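Step one of this worksheet: look at the structure below.
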Amino acid sequence: MRFKIGVILLLAITLYSCREEQLSADPSLKLTFSKDTVCFDTVFTTIGTSTLRLMVYNKNANALSISSIWLDNNTAFKVNVDGENDLTQLKNLQINGGDSLFVFIKVNIDPLKQNNPVLVEDNLHFAVNEKTQTVHLEAVGQDVFLIKTPERLTIKNNFTFSAAKPYLIYDTVAVQGKLTIKPGARLYFHDKAALMAYNDVNAVGELQKPIILQGDRTDNIFENVPYAYVAGMWSGFYLVDLKNTDHKTYKFDYVEILSANVGLYAFSQKTGFVPSMQLLNSRIHNHAVYGLVLQNINALVVNTELSNAAAYCAYLEGGQHTFIHSTIASFFNSTDVRIQSSPREDVAAVYINNLSKDGVPTHTSFRNCIITGIRSNNLLVATPFAQYYTDTIANNYIKADSLHIANAHNNTYWQKNDSDAFVNTFYKYKEYIYYDFRLAEYSPARGIGDGSFATKYSTDRLGNPRPTTKPDAGCYQYK
């Protein structure tokens with residue numbers, strides 16, 4: 001009896017399987033694709049991309065036969081279907097009812113011999129039951145200046161990065177002469193690559209032509225998450241002063257330094273003739289360790305955003321540092337997608353180290369600034385005797401306990417959740433909402449600034465006018 005039941009079940013399963021795999025010639029039945037267009041972001045010529053996946057579904061009850069698959073041009077895009085790279089070998093490929101196929105697509109674009117980016121397109125066709133279904137393929141090709149050497153490239157003379165086309169930098173570049181970066185220049189760094197300057201730096205961009213330094217991954221780590229949002233994609237920008245005879249000057253204006261280990265690290269071993277820096281209208285964002293480090297440097301920082309570092313957004317030790325109308329916001333990895341390590345819970349957004357005996361004294365002032373983050377205390381002043389720390393910290397919005405130093409006055413201290421202070425302090429990847437540290441309408445940072453500074457710095461980082469009466473704190477004026 002059990003034998004008969006087993007035979008009946010086996011026949012039933014066999015008949016069911018045969019029914020499921022029965023080919024249909026119905027021209028009304030179609031394949032379904034996970035997307036109708038496969039888009040690659042900027043693709044550097046001669047440099048292959050990572051692979052994107054396209055899913056092909058047969059959501060019908062019966063099997064379908066894909067008689068052929070082909071590309072229009074068959075040049076830049078490389079397609080692998082069901083493990084086969086040669087599309088001409090794919091004939092009468094059967095896809096059962098309710099089943100799917102994996103299609104993997106890469107792109108490699110030959111040099112375009114022009115500076116401007118070019119849209120490269122193709123179409124991937126699937127012929128089923130004498131009808132053709134098409135998925136569009138597109139990528140933006142960009143020629144680059146490629147810097148790729150077996151080891152660190154040391155440039156002894158002056159050097160200029162132009163804006164003619166982007167630079168793709170695979171290895172660390174060390175410039176011993178004066179370093180100039182032109183408005184609109186774009187520098188893309190490979191993993192562990194860095195830029196090191198041993199002399200003067202003039203990196204002056206413009207509002208509509210900012211200078212951008214970031215990692216070279218232009219694709220996505222997940223479906224909706226670009227690698228550009230992942231910290232630690234390259235090493236960082238380092239300013240190193242070792243000579244005791246000259247006075248280095250660093251000027252940065254409209255510069256964006258994104259997603260490195262360290263954003264901008266300025267170090268001098270001298271106790272006299274320390275370098276001077278101007279950091280204006282810039283953005284140093286999303287770094288795996290520090291945002292801005294100043295050691296034995298005199299610096300003026302105005303209209304600048306320092307945001308989202310796993311350690312300090314600003315580490316200040318030695319030198320005279322003046323921050324005016326700048327936003328320092330530490331919300332590193334405040335997100336619903338874990339793409340990088342969590343920040344240390346005990347690290348403030350700003351750390352002022354006035355304890356070192358090896359360098360020059362530390363004098364740091366903040367006027368009309370924002371200092372905040374996910375921690376309860378975001379401004380730490382390490383000094384032997386707080387009552388003798390005489391630098392002015394005034395008219396700022398600070399998420400911290402009140403400061404017990406002599407010249408801290410007219411500050412707005414905040415201990416509540418300050419998500420209402422900005423447009424957005426949380427990265428929501430499914431909704432394509434990224435951090436935005438412009439001020440919200442009812443932000444407590446609005447209207448608390450000293451108007452005398454707004455007279456000199458009459459526009460914010462984005463070029464918006466700033467009133468001379470009760471301006472907003474930070475680098476963004478609400479409009």
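If you're wondering where the values come from, they're calculated on a predicted model, not measured in any experiment. Positions are given from 1 along the sequence.
With sequence neighbours left out, the salt bridge (charged side-chain N to carboxylate O under 4.0 Å, His left out) criterion links D219 to R217. The salt bridge (charged side-chain N to carboxylate O under 4.0 Å, His left out) search around E317 returns none, not counting sequence neighbours. Applying the ring-ring contact (aromatic ring centres under 6.0 Å, His included) rule to F40 yields no partners; only residues at least two apart in sequence or on another chain are considered. In this structure P117 satisfies the side chain to side chain contact (heavy atoms under 4.5 Å, CB included) test together with V140, Q142, sequence neighbours excluded.
How far CD1 of I448 is from OG1 of T412: 4.0 Å, rounded to the nearest 0.5 Å.
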F252/F237 under ring pair (Phe, Tyr, Trp, His ring centres under 6.0 Å): CA gap, chis, key distance, verdict: CA-CA 12 Å; F252 297 87; F237 195 170; 5.8 Å; yes
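No option in D460, D472, N303 other than N303 meets the side chain to side chain donor-acceptor pair (under 3.5 Å) test with R466.
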Ignoring hydrogens and angles, write down the donor-acceptor pairs under 3.5 Å from the side chains of residues 26-35, residues two or more places apart or on other chains.
| unit_1 | atom_1 | unit_2 | atom_2 | d |
| --- | --- | --- | --- | --- |
| D26 | OD1 | S28 | N | 2.9 |
| D26 | OD1 | S28 | OG | 2.8 |
| D26 | OD2 | S28 | OG | 3.0 |
| S34 | OG | M55 | N | 2.9 |
| K35 | NZ | E223 | OE2 | 3.2 |

Determine all donor-acceptor pairs shorter than 3.5 Å in which one atom belongs to a side chain in residues 148-165; sequence neighbours excluded.
| unit_1 | atom_1 | unit_2 | atom_2 | d |
| --- | --- | --- | --- | --- |
| T149 | OG1 | E151 | O | 2.4 |
| N158 | OD1 | K178 | N | 2.7 |
| S162 | OG | A164 | N | 3.4 |
| S162 | OG | Y167 | OH | 3.4 |

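Defined by atom type and a distance below 3.5 Å, a donor-acceptor pair is present between the side-chain atoms of N286 and S259. Using modelled atom types, one finds a donor on one side chain and an acceptor on the other under 3.5 Å when comparing N96 with Q94.
Separation of the Y229 and Y429 ring centroids does not fall under the 6.0 Å cut-off.
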